[in-house]
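Here the structure comes first, spelled out in structure tokens, and everything after it is commentary.
Given the structure is predicted, the values throughout are model-derived calculations rather than measurements. All heavy atoms count here, side chains included; hydrogens, waters and symmetry mates do not.
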Amino acid sequence: MAEEIVINEQMRFNTLTHKLISGDEAVSISAKESAILHYLISNKNRIVSVDEILQNLWEYDEMPSQDTIRTYIKNLRFILGKEHIINVRGEGYRYSN
């Protein structure tokens, strides 16, 4: 059975299919975007640094740049709304319902 996480009254996140579901519409996100979102949700209301994301979601030999992480976050914020993933300047990101 798929694990679904409620983002808000209108949106759910399916961690197995990497889809954000709003009503009858579903938006597919990449596996890495899904992993980042799931990590942020798991650390809800706590500031998560880019370095922490890199260390926990990537292998050492496949580490992307910090700009890549920012792009993933930007894409997620566009889909979810900026109020769910908050940029804490100089520190990282915080997920909030």
Side-chain angles (χ1 to χ4, degrees):
M1 182 159 177
E3 181 182 347
E4 285 196 348
I5 298 170
V6 175
I7 301 290
N8 58 35
E9 292 176 7
Q10 296 85 26
M11 189 173 289
R12 300 177 322 277
F13 169 46
N14 186 309
T15 60
L16 297 179
T17 62
H18 311 297
K19 291 186 186 221
L20 290 162
I21 303 146
S22 180
D24 292 337
E25 293 186 32
V27 176
S28 293
I29 59 176
S30 73
K32 282 299 183 185
E33 287 169 335
S34 180
I36 291 169
L37 179 57
H38 196 224
Y39 190 80
L40 290 172
I41 290 171
S42 298
N43 290 281
K44 183 178 169 181
N45 295 322
R46 183 175 78 76
I47 297 171
V48 176
S49 71
V50 172
D51 285 340
E52 182 179 341
I53 292 170
L54 288 168
Q55 290 173 4
N56 287 287
L57 300 179
W58 271 269
E59 297 295 323
Y60 179 76
D61 60 341
E62 63 175 22
M63 288 267 187
S65 71
Q66 290 190 2
D67 289 338
T68 301
I69 302 300
R70 284 189 202 104
T71 299
Y72 285 135
I73 296 287
K74 184 181 94 175
N75 293 344
L76 289 169
R77 291 180 80 204
F78 179 78
I79 296 166
L80 295 172
K82 293 179 181 178
E83 69 276 8
H84 293 292
I85 300 175
I86 296 139
N87 180 10
V88 181
R89 188 175 208 115
E91 294 186 48
Y93 302 96
R94 186 182 67 215
Y95 176 82
S96 177
N97 279 36

Applying side chain to side chain contact (heavy atoms under 4.5 Å, CB included), can you list everything that pairs with Q10, at least two apart in sequence or on another chain? N8, S22

When rounded to the nearest 0.5 Å, the distance separating CZ of R77 from CG of N87 is 6.0 Å

OG on S96 to CD on E83, rounded to 0.5 Å: 9.0 Å

More than 12 heavy atoms of other residues, nucleotides or ligands under 6.0 Å from CD of E62: yes or no? yes

With a 6.0 Å cut-off (strictly less than), is the heavy-atom count around CD of E9, excluding the residue itself, greater than 12? no

Side-chain heavy atoms nearer than 4.5 Å, only ILVMFWY residues, links allowed to pass through others: does that put Y72 and I5 together? yes

Please determine whether residues V50 and M63 belong to a single hydrophobic cluster, defined as Ile, Leu, Val, Met, Phe, Trp and Tyr linked transitively by side-chain heavy-atom distances below 4.5 Å. yes

Passes side-chain contact (heavy atoms from CB on, under 4.5 Å), L80 versus I85? Steps please. CA-CA 8 Å; L80 295 172; I85 300 175; 3.9 Å; yes

Tell me the closest heavy-atom pair linking [X] and [Y], and the distance in Å.
| X | Y | result |
| --- | --- | --- |
| M11 | I79 | CE-O, 3.9 Å |
| I21 | E4 | CD1-OE2, 3.6 Å |
| I47 | E91 | CD1-OE1, 3.4 Å |

Using a 4.5 Å cut-off on heavy atoms from C-beta on, say whether the side chain of [Y] contacts that of [X].
| X | Y | value |
| --- | --- | --- |
| Q66 | D51 | yes |
| Y93 | I86 | no |
| W58 | I69 | yes |

Intermediate values then yes/no, side-chain contact (heavy atoms from CB on, under 4.5 Å), L20 and R12: CA-CA 6 Å; L20 290 162; R12 300 177 322 277; over 6 Å; no

Does a donor on one side chain and an acceptor on the other come within less than 3.5 Å for T71 and T68? no

Enumerate, atom names and distances included, each donor-acceptor pair closer than 3.5 Å involving a side-chain atom of residues 27-42, sequence neighbours excluded.
unit_1: S30; atom_1: OG; unit_2: E33; atom_2: N; d: 3.0
unit_1: S30; atom_1: OG; unit_2: E33; atom_2: OE1; d: 3.4
unit_1: K32; atom_1: NZ; unit_2: L57; atom_2: O; d: 2.6
unit_1: E33; atom_1: OE1; unit_2: S30; atom_2: N; d: 2.9
unit_1: E33; atom_1: OE2; unit_2: N75; atom_2: ND2; d: 3.0
unit_1: S34; atom_1: OG; unit_2: H18; atom_2: ND1; d: 2.8
unit_1: Y39; atom_1: OH; unit_2: E52; atom_2: OE2; d: 2.5
unit_1: Y39; atom_1: OH; unit_2: N56; atom_2: ND2; d: 3.1
unit_1: S42; atom_1: OG; unit_2: H38; atom_2: O; d: 2.8

Go through it in stages, so that I can follow the logic: the residues are Q55 and I53, the test is side-chain contact (heavy atoms from CB on, under 4.5 Å), and I'd like the CA-CA distance, side-chain angles, deciding distance and then a yes or no. CA-CA 6 Å; Q55 290 173 4; I53 292 170; over 6 Å; no

